[in-house]
Amino acid sequence: MTGKQTAEEPKHKKDLTRRKAVAVGAGAAAAVGIGGGFALNASADEPATGASASSSGSAETCYKLTSETTEGPYYIDADKIRRDITEDKEGIPLTLSLKVIDSETCAPVRNAAVDIWHCDALGVYSGYESLSTGGGNAPTDAPSGTPTGTPTGTPTGTPTGTPTGAPPSGGTGGGGHEEPTDDKRYLRGTWRTDRHGRVTFRTIFPGWYRGRCVHIHAKVHVDGTWTDAGYEGGHTCHTGQFFFAEEAVLASAKVEPYSTSTTERTTLTEDTIYDQSGTTGGLLRLAYDRKHIAKGVHASITVGVDPDETHEGTDDGVQPGASASASASASS
């Protein structure tokens with residue numbers, strides 16, 4: 001997803017490096033194809049959008065900027081333009097619905113390029129199979145020297161098919177990008193937001209690795225151009241992560257292949273990247289059958305960003321989340 005920016009762009013946008021990324025998110029949605037008795041976790045600070053915000057007098061909720069986080073060492077700008085990123089990976093089916101909005105106006109951000117990437121059910125990242133072991137020596141995006149705490153609900157069993165290797169040198173702190181070690185690209189992809197700012201991906205429920213809770217990485221890029229070859233130009237205005245409620249993670253740990261992992265699991269409250277701020281911090285709204293999570297999970301979130309900002313997620317590592325008013329220019 002590289003290329004030259006168009007000559008028509010204003011100077012202040014030409015000066016920005018890379019693609020302009022906008023916040024992602026989708027409002028609450030019922031899970032499609034999930035049976036009765038489904039569980040739903042929601043956050044009270046889910047922002048209102050559009051006319052519903054102004055008519056209800058709660059437009060101020062639109063000004064919550066979604067937390068910026070570290071990119072981590074395993075981002076690949078691979079131009080995999082696709083909505084289904086599963087490939088042949090086993091795991092609980094996950095539909096991820098996102099909606100990108102301008103945090104000041106609540107207007108949807110159209111034609112943005114949204115990247116997502118995450119590990120497989122055993123904690124392994126594509127492109128880095130020799131570096132991410134998924135079992136004890138797996139990479140961590142957490143700052144070095146940070147205690148991970150005592151795991152709870154850790155599944156037992158013997159992992160199968162787990163790659164081996166040493167942890168990457170840039171795996172801690174979030175600042176060091178690692179070059180890919182193989183040509184695998186499963187559980188990675190990019191897609192375009194529609195006129196409502198929405199984009200949907202099909203993937204699997206992520207697993208976990210040492211030092212981090214279950215999460216999905218995301219970037220959103222704007223001001224670029226869509227071509228037959230992909231998405232070119234623009235810059236990244238949001239780099240973040242999405243997180244899963246503990247109840248759902250514990251339920252997933254009972255299902256194969258997740259149940260075969262013996263890796264220590266860091267909980268949501270122990271995680272050093274998640275800022276504990278709910279939706280603003282990237283906590284997903286989940287819908288699934290409590291008794292049969294293996295049937296699938298629907299996850300959704302609305303993410304508010306400032307399209308004029310640039311956030312690559314590689315400078316200072318973790319950037320704590322915050323709220324901003326309409327006149328504030330700082331992002332979280």
Side-chain angles (χ1 to χ4, degrees), residues 1-3 18-19 21 24 69-92 94 96 113-142 159-191 199 201-221 229-232 236 238-243 257-258 261 263 273 311-315 317:
M1 301 213 304
T2 58
R18 291 184 59 80
R19 302 162 295 185
V24 209
T69 69
T70 174
E71 175 187 279
Y74 293 158
Y75 175 60
I76 301 176
D77 190 359
D79 262 341
K80 283 286 186 180
I81 309 299
R82 57 186 182 179
R83 285 179 289 185
D84 189 335
I85 65 173
T86 310
E87 293 194 15
D88 60 349
K89 302 307 292 183
E90 296 183 358
I92 297 168
L94 175 70
L96 179 64
V114 180
D115 295 331
I116 67 167
W117 71 102
H118 61 85
C119 68
D120 68 9
L122 294 177
V124 177
Y125 281 91
S126 64
Y128 301 90
E129 289 187 344
S130 66
L131 296 179
S132 54
T133 68
N137 289 326
T140 172
D141 310 343
T160 58
T162 304
T164 59
S169 58
T172 60
H177 174 74
E178 289 288 326
E179 289 302 313
T181 59
D182 60 67
D183 59 1
K184 303 290 181 62
R185 296 296 183 267
Y186 53 80
L187 307 180
R188 298 177 181 273
T190 304
W191 199 253
V199 62
F201 292 95
R202 296 189 182 281
T203 182
I204 62 168
F205 200 98
W208 58 89
Y209 49 89
R210 190 179 64 185
R212 289 303 317 280
C213 67
V214 175
H215 63 283
I216 292 175
H217 292 268
K219 282 180 178 283
V220 192
H221 315 276
Y231 188 78
E232 301 177 351
T236 303
H238 177 70
T239 298
Q241 297 180 25
F242 303 132
F243 301 94
Y258 309 89
S261 174
T263 305
I273 303 298
H311 292 291
E312 297 284 356
T314 57
D315 43 12

Next on the checklist: Looking only at side-chain N and O atoms, does T314 offer a donor or acceptor that is under 3.5 Å from a partner on H177?
Outcome noted: no

Checklist entry - Which residues satisfy the side-chain contact (heavy atoms from CB on, under 4.5 Å) test with S126, sequence neighbours excluded? => result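 Counting only residues at least two positions away or on another chain, S126 forms a side-chain contact (heavy atoms from CB on, under 4.5 Å) with K184, Y186, R188.
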
Next on the checklist: Run the side-chain contact (heavy atoms from CB on, under 4.5 Å) test against R202 and tell me which residues pass, sequence neighbours left out.
Outcome noted: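 Expected list: D84, T95.
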
Checklist entry - When you look at L131 and Y125, which way does the side-chain contact (heavy atoms from CB on, under 4.5 Å) test go after all the steps? => result CA-CA 9 Å; L131 296 179; Y125 281 91; over 6 Å; no

Checklist entry - In chain order, what residues pass the side-chain hydrogen bond (donor to acceptor under 3.5 Å, both in side chains) check against R83, with sequence neighbours excluded? => result none

Checklist outcome for this item: Result for side-chain hydrogen bond (donor to acceptor under 3.5 Å, both in side chains) between E71 and one of H217, K219, Q241, H311 points to K219

Next on the checklist: Using ring centroids (six-membered ring only for Trp), state whether H118 and Y74 fall under 6.0 Å.
Outcome noted: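 No; H118 has its ring centre 6.0 Å or more from that of Y74.
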
Checklist entry - Between Y209 and H215, how do the two ring planes meet: parallel, tilted or perpendicular, split at 30° and 60°? => result perpendicular

Checklist entry - I216 versus P206: any side-chain heavy-atom pair under 4.5 Å? => result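 Yes. Closest side-chain heavy atoms under 4.5 Å.
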
Checklist entry - Less than 4.5 Å apart, any side-chain heavy atom of D115 and any of Y75? => result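 Yes, close enough: below the 4.5 Å cut-off.
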
Item to check | Results of ring-ring contact (aromatic ring centres under 6.0 Å, His included) for F205 - residues two or more places apart only | outcome: F244

Item to check | Point-to-point distance, once rounded to the nearest 0.5 Å, from CZ of R212 to CD1 of I273 | outcome: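 R212 atom CZ to I273 atom CD1 measures 5.0 Å (nearest 0.5 Å).
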
Checklist entry - When you look at W208 and T263, which way does the side-chain contact (heavy atoms from CB on, under 4.5 Å) test go after all the steps? => result CA-CA 8 Å; W208 58 89; T263 305; 4.1 Å; yes

Next on the checklist: Ignoring hydrogens, what is the shortest heavy-atom contact between L187 and D120? Give both atom names and the distance.
Outcome noted: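 So the two residues come closest at CD1-CA, 3.4 Å.
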
